[in-house]
Amino acid sequence: MLALPVYVPGARPQGAMVEKLSSNENPYPPLPGVLTAVTDAAADLNRYPDMATSELIAALAELHGVETDQVVVGNGSTAVLETILRALCQEGDEVVHAWRSFEAYPIAVAVTGATSVPVPLTPDGRHDVDAMLAAITGRTRAILLCTPNNPTGPVLTQAEVERVLAEAPSDVLVLLDEAYVEFVRDPAVVDSASLLPGHNRLVVLRTFSKAYGLAGLRVGYAVGRARLIAGFRAASTPFGVNALAQVAAVESLRQRDALLDRVDALVVERDRLVAGLRGQGWDVPDAQGNFVWLGVGDRAGVLARAFAEAGLLVRPFAGEGVRISVGDRDACDLVLDVAGEFLAAG
Ligand SMILES: *Cc1c(COP(=O)(O)O)cnc(C)c1O
């Protein structure tokens, strides 16, 4: 049995008064049209879903301006990532990624038998592109880039990703995880659509779990060159996206404008939260996702407990810091109250 790192999910609320800010979920419920589509589709749950996921894949291809054979879907983008790494890696291979980053990465690498090569972030929570390029060896099969980085918040820039594509050996797959791309407002952010046509080994990962608010249904996808995607599709679990998830994702794409209005509102709250925290004296890295990072090191547990006492569930990373998801206005006000008192108490 492999010794796998354990995925620690964000804490679940215990009482009625608790606000869950521990899993970067969307605080809004699904749009009414999405709920109706799911409820209607539930009448056919005795049937298998569309194995080809045709409607969803066609909608995604249109959204991204690519061919349908350039899209692969799965049970959340975590599952898509696992499929890709399984297709790519075997024992002895290496996958380079930043650390601290998304905690599913070391697990997804380890299940393939390959070795994770974690490269520490810079002090301001960014990918250290120099160090990541230097960590590539003859055994490296993929480099995994998380933009914006979960849990710290900054994006990778166009220049940084172009540099990775120019300098990493041509047989190294470049995986760009854009789980929070809809929340990004930094104009320097990488524009993956501009890079995909010219770079055969670039694969972009997206999810319906964050901006689209469908975390509970599990839909994610990857976009890349058709030949690569065909291999990933072949390695995917058949019927990997369930019937309700398929209709919810298709309906969400139809209502993308309404969903993006909600994203705008969350971005306003995020920026207000960051400004408020900085105003109190906190050192907050650039926050481009729907979360903020307080890098308090050894005090992560103490700070998380202070939030919990106020009814806020946040995500501590022992010895590193605390990640707080952006909730509604009241939740952000409460975050600011607790954070301010914590600083004042020293
Ligand atoms: C939340 C998240 C995902 C999405 O995971 P799903 O399996 O699609 O829910 C992917 N990457 C990162 C960095 C995330 O934070």
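As the structure lists them, so they are numbered: ligands from 1, and atoms in each ligand from 1.
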How about [X] and [Y]: does a side-chain donor come under 3.5 Å of a side-chain acceptor?
X: Gln255; Y: Asp257; value: no
X: Arg323; Y: Asn150; value: yes
X: Thr112; Y: Glu91; value: no

For this session: Check whether any side-chain N or O of Glu62 sits under 3.5 Å from a backbone N or O of Ala59 as a donor-acceptor pair, and report yes or no.
Result: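 A pair under 3.5 Å: no.
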Exercise. Would you call Asp264-Arg185 a salt bridge at under 4.0 Å N-O?
Worked result: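 Yes.
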Between the protein and ligand 1, which nitrogen or oxygen pairs come in under 3.5 Å, and how far apart is each?
{"residue": "ligand 1", "atom": "5 (O)", "partner": "Thr78", "partner atom": "OG1", "Å": "3.3"}
{"residue": "ligand 1", "atom": "7 (O)", "partner": "Ser77", "partner atom": "N", "Å": "3.3"}
{"residue": "ligand 1", "atom": "7 (O)", "partner": "Thr78", "partner atom": "N", "Å": "3.1"}
{"residue": "ligand 1", "atom": "7 (O)", "partner": "Thr78", "partner atom": "OG1", "Å": "2.6"}
{"residue": "ligand 1", "atom": "7 (O)", "partner": "Arg218", "partner atom": "NH2", "Å": "2.6"}
{"residue": "ligand 1", "atom": "8 (O)", "partner": "Ser77", "partner atom": "N", "Å": "2.6"}
{"residue": "ligand 1", "atom": "8 (O)", "partner": "Ser77", "partner atom": "OG", "Å": "3.1"}
{"residue": "ligand 1", "atom": "8 (O)", "partner": "Thr207", "partner atom": "OG1", "Å": "2.6"}
{"residue": "ligand 1", "atom": "8 (O)", "partner": "Ser209", "partner atom": "OG", "Å": "3.4"}
{"residue": "ligand 1", "atom": "9 (O)", "partner": "Ser209", "partner atom": "OG", "Å": "2.6"}
{"residue": "ligand 1", "atom": "9 (O)", "partner": "Arg218", "partner atom": "NH1", "Å": "2.8"}
{"residue": "ligand 1", "atom": "9 (O)", "partner": "Arg218", "partner atom": "NH2", "Å": "3.2"}
{"residue": "ligand 1", "atom": "11 (N)", "partner": "Asp177", "partner atom": "OD1", "Å": "3.3"}
{"residue": "ligand 1", "atom": "11 (N)", "partner": "Asp177", "partner atom": "OD2", "Å": "2.6"}
{"residue": "ligand 1", "atom": "15 (O)", "partner": "Asn150", "partner atom": "ND2", "Å": "2.8"}
{"residue": "ligand 1", "atom": "15 (O)", "partner": "Tyr180", "partner atom": "OH", "Å": "2.6"}
{"residue": "ligand 1", "atom": "15 (O)", "partner": "Lys210", "partner atom": "NZ", "Å": "3.3"}

Exercise. Centroid-to-centroid, Phe307 to Phe342, below 6.0 Å?
Worked result: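 Judged by ring-centre distance (under 6.0 Å), Phe307 and Phe342 do not meet the cut-off.
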